[in-house]
Amino acid sequence: MPVVFVHGVSNRDTPEYRDNTRARDAFLRTYVVPHFVKQAIEVAILNPYWGDHGVKFRWGNASLPESFDPMETFGAGLGPAHLRIGGDIVAPLGPAAADIVTIAQRSLADAIDVVWAAALPEVETPEQAEALAESSRRAFDYAAAQPKPPWLATANNENFVDLLLEHVESYDQENVPAAPGEEVRWESFGAGSLLDDLKEGASRIMELVPTAMSTVATTLGRKKLHLGASMFLGDVFQYLTRRGERENPGPIVSTVLNAFHTANAKRSDTDPLIVIGHSLGGVVSYDILTYFQPDLEVDVFMTVGSQVALFEEMGMYKHPPVPADAPSERLVRPANIKHWLNVLDPNDAFSFRAEGVFEGVTDYAYETGYGLTQAHGGYFHRPSFYRRLGERLAQAIP
């Protein structure tokens, strides 16, 4: 069962991109793959990287209006990833984010999302990513069973993570018996790196109190909006002008198409092929499946925060023309796509519905909880999103 994840705009080969890829792979193996196979570790997850073929700015974005660097205000202890997560998670919560305990008292699941998302920048190895993903699954299971645990009454910012993991461990040992000869693997929750990473990430984010965070969030938001718009438009124009033809595909198409061929070669006749396209990655994938390689069969096509239907409405694809009586008649889902799910966040200005343009596509709303400038990239930073993703994919494949 191979999975191909096609990233969207504004992704470049940075340490944060590589860390996010490792974490995303681990969360997909934890929450999605087990719905289909027992040996999740053996499933191939391909991440075709096409960022090097995206737009390049000759003067290094010197045209952006903002020059203020919030790093100068908040010090070297907080890297760009921590500031991004602080702006994405803490500031939108407003007074509710006074501390992690306040968030947990309102919703323990939300607090788990914050803590585990804040730990993402600390992930440096596949093993750390796997431990983070697996621990989040167990924490969510505990929160579902104990949404208002009594120990929250005595918790504070300093001991919240310790108390949470202590009670998650107890719950797991009591309610999830290990297989014969196999011990429950919670040793890393002692003095190990996983506990340290969770505490470190949470403390760095929560020290950005909402009043201070609002300032950096506003500045980051403006800068991110301008940078995001320039990268979004630049990558889109770069793709459209250089995507090539079926006989001579461009560099972005070739990169993604090679990954599709590799994934297809790895599966047996009974293995499903799952393609997940985020943002422009959904557009590129749809272009490939309808024009560049229309005979490639995909069991599940999931578009997340994508513009596939918008581009179809604008006539930007190369496949055969739309029905003559559009818009009264919608396009039929391509025959080589067995199931198509489209996920959008109402706060994501770059995500669009698909049901109004296509037949045989199901739209799902997922609220990341992020603001207008953060929502587009926020889906895969939320552990809860992977849980929902696995459930929806399991429903899509009989």
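Start at 1 with the first residue, then count along the sequence. Given the structure is predicted, the values throughout are model-derived calculations rather than measurements.
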Any side-chain donor-acceptor pair under 3.5 Å between S279 and H376? yes
Quick one: is the NZ or CZ of R246 closer than 6.0 Å to the six-membered ring centre of Y291, and within 45° of its axis? yes
Begin from the C-alpha positions of V3 and L46 and carry the test side-chain contact (heavy atoms from CB on, under 4.5 Å) through to its verdict. CA-CA 6 Å; V3 178; L46 289 79; over 6 Å; no
Looking at L341, is its backbone amide N or carbonyl O close enough to the side chain of T362 to form a donor-acceptor pair, meaning the two atoms are under 3.5 Å apart? no
Linking Ile, Leu, Val, Met, Phe, Trp and Tyr through side-chain heavy atoms less than 4.5 Å apart, which residues share a cluster with Y17? Y49
Quick check for you: to the nearest 0.5 Å, what is the distance between N264 atom CG and K266 atom NZ? 11.5 Å
State the CG-CD1 distance between L280 and I252, to the nearest 0.5 angstrom. 7.0 Å
For F140 versus P383, what's the shortest heavy-atom pair and its separation? CE1-CB, 3.4 Å
I need the full list of salt bridge (charged side-chain N to carboxylate O under 4.0 Å, His left out) pairs touching residues 139-148, with sequence neighbours left out, sorted by first then second residue. R137-D141
Are M231 and R12 close enough that some pair of their side-chain heavy atoms sits under 4.5 Å apart? yes
Heavy atoms, side chains only, cut-off 4.5 Å: are D287 and F311 in contact? no
Apply the test side-chain contact (heavy atoms from CB on, under 4.5 Å) to residues V4 and I274: give CA-CA distance (whole Å), side-chain angles for both, the deciding distance (0.1 Å), then the verdict. CA-CA 6 Å; V4 182; I274 297 175; over 6 Å; no
Residue pairs passing the salt bridge (charged side-chain N to carboxylate O under 4.0 Å, His left out) test where at least one lies in residues 247-264, sequence neighbours excluded: none
Should the ring pair F380 and F5 be called parallel, tilted or perpendicular, given that the plane angle runs from 0 to 90° and is split at 30 and 60? perpendicular
Derivation and outcome, ring-ring contact (aromatic ring centres under 6.0 Å, His included), residues F301 and H339: CA-CA 6 Å; F301 182 37; H339 305 277; over 10 Å; no
Note, V300 side chain near P272 side chain (heavy atom, < 4.5 Å): no
Looking at V236 and V9, what are the two nearest heavy atoms and their distance? CG2-CG1, 4.5 Å
Using a strict threshold of under 4.0 Å (side-chain N to carboxylate O), is an ion pair present between R267 and D299? yes
Tell me whether Q105 contacts the main-chain N or O of T102 through its side chain, where contact means a donor paired with an acceptor under 3.5 Å. no
Lys/Arg N to Asp/Glu carboxylate O, R22 vs D25, below 4.0 Å: no
Within the 4.5 Å heavy-atom criterion, are K338 and E297 side-chain neighbours or not? yes
I'd like to check K56 versus Q238 (side-chain heavy atoms, cut-off strictly below 4.5 Å). Are they in contact? no
The reported gap from OG1 in T303 to CD1 in I276 (rounded to nearest 0.5 angstrom) is 10.5 Å
Taking all heavy atoms of L273 and all of A263, pick out the closest pair and write down the distance. CD1-CB, 3.7 Å
Same hydrophobic cluster for V332 and V357, using side-chain heavy-atom links shorter than 4.5 Å among ILVMFWY? no
Would you find a donor on one side and an acceptor on the other, under 3.5 Å apart, between the side chain of R138 and the backbone of Y142? no
Less than 4.0 Å between a side-chain N and a carboxylate O, is that true for K318 and E245? yes
Relative to the ring of H319, is the ring of Y286 parallel (under 30°), tilted (30 to 60°) or perpendicular (over 60°)? perpendicular
Rounded to the nearest 0.5 Å, what's the gap from CH2 on W50 to CG on N258? Could you check? 15.5 Å
Y364 atom OH: more than 12 heavy-atom contacts under 6.0 Å: yes
Output all residues satisfying salt bridge (charged side-chain N to carboxylate O under 4.0 Å, His left out) with R353, sequence neighbours left out; order by chain, then residue number. E355, D363
Euclidean distance, S10 OG relative to F350 CZ, rounded to 0.5 Å: 8.5 Å
Within the distance-only criterion (no hydrogens, no angle test), does the side chain of N342 pair as donor or acceptor with the backbone N or O of F352 below 3.5 angstrom? yes
Pairs where residues 21-47 contributes a residue and the test ring pair (Phe, Tyr, Trp, His ring centres under 6.0 Å) is met, not counting sequence neighbours: F27-Y386
How far apart are the C-alpha atoms of W151 and F160, what are their side-chain angles, what is the distance that settles it, and do they pass the side-chain contact (heavy atoms from CB on, under 4.5 Å) test? CA-CA 9 Å; W151 58 265; F160 173 78; 3.8 Å; yes
Using the rule that two of Ile, Leu, Val, Met, Phe, Trp, Tyr join whenever any of their side-chain heavy atoms come within less than 4.5 Å, decide whether L344 and M302 are in one cluster. no
Could you go through the side-chain contact (heavy atoms from CB on, under 4.5 Å) check for L28 and L389 one step at a time? CA-CA 9 Å; L28 288 173; L389 183 67; 3.8 Å; yes
Just by distance, with hydrogens left out, do N47 and T21 show a side-chain donor and acceptor under 3.5 Å apart? no
N248 side-chain N/O to G244 backbone N/O, donor-acceptor pair under 3.5 Å: no
Heavy-atom side-chain proximity of V284 to Y239 below 4.5 angstrom: yes
Is there side-chain contact between I288 and V253, with at least one heavy-atom pair below 4.5 Å? yes
Testing S136, S384, S135 one by one against W116 for a side-chain hydrogen bond (donor to acceptor under 3.5 Å, both in side chains), which residue passes? S135
Side-chain (R29) to main-chain (V43) donor-acceptor, under 3.5 angstrom: yes
Between atom NE2 of H7 and atom CZ of R24, what is the distance when rounded to the nearest 0.5 Å? 8.5 Å
Holding to side chain to side chain donor-acceptor pair (under 3.5 Å), I want the full list of residues that pass it with N159, two or more places apart in sequence or in another chain. none
Using the six-membered ring wherever Trp is involved, compare the ring planes of F358 and W340 and label them parallel, tilted or perpendicular (cut-offs 30° and 60°). tilted
Taking all non-hydrogen atoms of both residues into account, name the closest pair between I112 and A143 and its distance. CD1-CB, 3.7 Å
If I compare all heavy atoms of G282 with all of S306, which pair ends up nearest, and what's the gap? CA-OG, 3.5 Å
Do T255 and P48 make a side-chain contact, defined as non-hydrogen atoms from C-beta onward lying under 4.5 Å apart? yes
Return yes if some donor-acceptor pair links the side-chain N/O of D113 with the main-chain N/O of R382 below 3.5 Å, else return no. no
salt_bridge(R387, E391) N-O dist < 4.0 Å: no
Main-chain N/O of I103 paired with S107 side-chain donor or acceptor, under 3.5 Å: no
I need the minimum non-hydrogen distance between N336 and L296, along with the two atoms involved. ND2-O, 2.9 Å
